[in-house]
Amino acid sequence: MRTIGLGIDTTFDDTSIAILEGKSKILANLTLSQYKDHEEFGGVVPERASRKHMEVITPLIEEALKQAEIGFQDINYIAVSNQPGLLGAILIGVTVAKTLAYSLKIPLIGVNHVEAHPYANFLTYGHIPFPAIQLVVAGGHTLLFHTKNHFDYEIIGRSVDDAAGECVDKVAKMFGHPMPGGPVIDQYALKFQSDIYDFPRPVLNANNYNFSFSGLKTAMLRFRETNSEKLNEEGPILSSFFQSIVDVLLLKTFKASKALKVKNISVSGGLAASKKLRQSFEEKAKEENVQLYYPPPKLCTDNAAMVTCLAAYKFEANQWDDLNLEVFANLTQ
Ligand code: KG4
Ligand code: ZN
């Protein structure tokens, strides 16, 4: 019998619905981004995000079922991200998920959105050998996992202030680029020399795997104040800035791989869509004789397929939830 899961992700400003067969066959993976709805406010407005999720979630589920050529009766479990993110936004997804699970009399499986990002690589490759060092570079979180098996991992590093994606988006905004700033900065990083300006590589030498990017953001603010005559040539400035981000992510990740003697590295999250980041990680992986895994860009940024994939492993392991599933704005570990 084929097992089919329907997954929902509404943690931030994307409404995403996926339908997955088994652990890696994507039958549908639809994401509606709200970037344009929040543009005039210069950032995501939580209440507006909730309202937008509510508006689009039902039609999106229907569209996903149509694309997957299945009906509600074919679904074996409902997966939903219940953390971390905007509470009001998560609540929409979780309420819809609970209603579906209750009315269809099938299991409900809550998923940690950040823990789900590396599962984009399980979708891409079918399997990744363990142990692995898993770097998640998303908009709101930068995390380094030492993963020994499914559900058996330790978070060995995390952003202590701004996440890498947050820093990239804020710096892009300083230069007048709308959200998300990553793709534009990545284009500059590929086109322009990255060693013209010297931006700090924060906490590179500290004796842990944590990340701190708010100092880099402040360095850019200061640079802009003292170098106003150079700001119309933003290519080399933003390329040098992005090199700092990539250098920190790369050095910490490979440092962990070496120290823990782990030969598999997986990278995921929105920033993993960056060509510059992928190139740098590939070069280093070759040098260090490490196996590198990253998903295609569509599975790097937020999507419900990765959420449903993690839930597929949980479904198999009988890690099911009930209608009391709670929601959390912050990571619970
Ligand atoms: O994983 P994600 O979609 O959302 C969160 O879970 O937060 O990550 C969004 C982040 C943003 O900072 C965005 O600028 C960045 O990923 N991003 C990129 C690219 N696409 C998205 N950064 C660099 N290059 C890209 N192609
Ligand atoms: Zn994410």
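Read the numbers this way: they start at 1 and go in the same order the structure lists the ligands and their atoms. From a predicted model like this one, the values you see are computed outputs, not experimental measurements. The first residue of the sequence shown is numbered 1, and numbering continues consecutively from there.
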Donor-acceptor side-chain pairing of [X] and [Y] below 3.5 angstrom:
X	Y	value
Asp195	Gln193	yes
His146	Tyr209	no
Gln319	Tyr313	no

Say whether [X], considering both its backbone and side-chain N or O atoms, lies within less than 3.5 Å of an N or O atom on ligand 1.
X	result
Gly182	yes
Gly269	no
Val137	no

Ligand 1 contact on [X] by region, counting heavy-atom pairs under 4.0 Å:
X	value
His117	side chain
Thr301	both
Asp169	side chain

Hey, which atoms in ligand 1 end up nearer than 4.0 Å to a heavy atom of [X]?
X	value
Gly140	7 (O)
Gly165	12 (O)
Gly181	14 (O)

Requested in this report: Let me see the working for Ser81 and Asp9 under side-chain hydrogen bond (donor to acceptor under 3.5 Å, both in side chains), right down to the final yes or no.
Outcome: CA-CA 5 Å; Ser81 303; Asp9 188 273; 2.5 Å; yes
Query raised in the report: Short question: side chain of Ser274, backbone of Leu277 - any donor-acceptor pair under 3.5 Å?
Result: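 Flag set: sc Ser274 to bb Leu277 pair under 3.5 Å.
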To which of [options] does the heavy atom nearest [atom] belong?
atom	options	result
atom 20 (N) of ligand 1	Ala138, Ser268, Ser33, Gly270	Gly270
atom 7 (O) of ligand 1	Cys167, Pro84, Gly139	Gly139
atom 4 (O) of ligand 1	Asp302, Leu299, Val246, Leu277	Asp302

**Report entry** Contact with ligand 1 for His113, non-hydrogen, under 4.0 angstrom
**Finding:** yes
Query - Identity of the N, O or S atom of Asp302 lying closest to the Zn ion (ligand 2) - result: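 Output for this pair reads OD1.
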Query raised in the report: Can you name the N, O or S atom of His117 that is closest to the Zn ion (ligand 2)?
Result: NE2
**Report entry** Between SG on residue Cys167 and CZ on residue Phe211, distance to nearest 0.5 Å
**Finding:**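 Here the interatomic distance stands at 13.0 Å.
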Query raised in the report: Any N/O/S of His141 under 2.8 Å from the Zn ion (ligand 2)?
Result: no
**Report entry** Lys/Arg-Asp/Glu bridge criterion (N-O < 4.0 Å) met for Glu166, Lys170
**Finding:**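 Yes, this pair counts.
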Query raised in the report: Do NZ/NE/NH1/NH2 and the carboxylate oxygens of Lys23 and Glu316 come within less than 4.0 Å?
Result: yes
Report summary line: side chain to side chain contact (heavy atoms under 4.5 Å, CB included) with Ile61: of Thr15, Ile19, Val96, only one passes, and it is Val96
Report task. Using a cut-off of 6.0 Å, state whether more than 12 heavy atoms not belonging to Lys148 lie near its atom NZ. Result -> yes
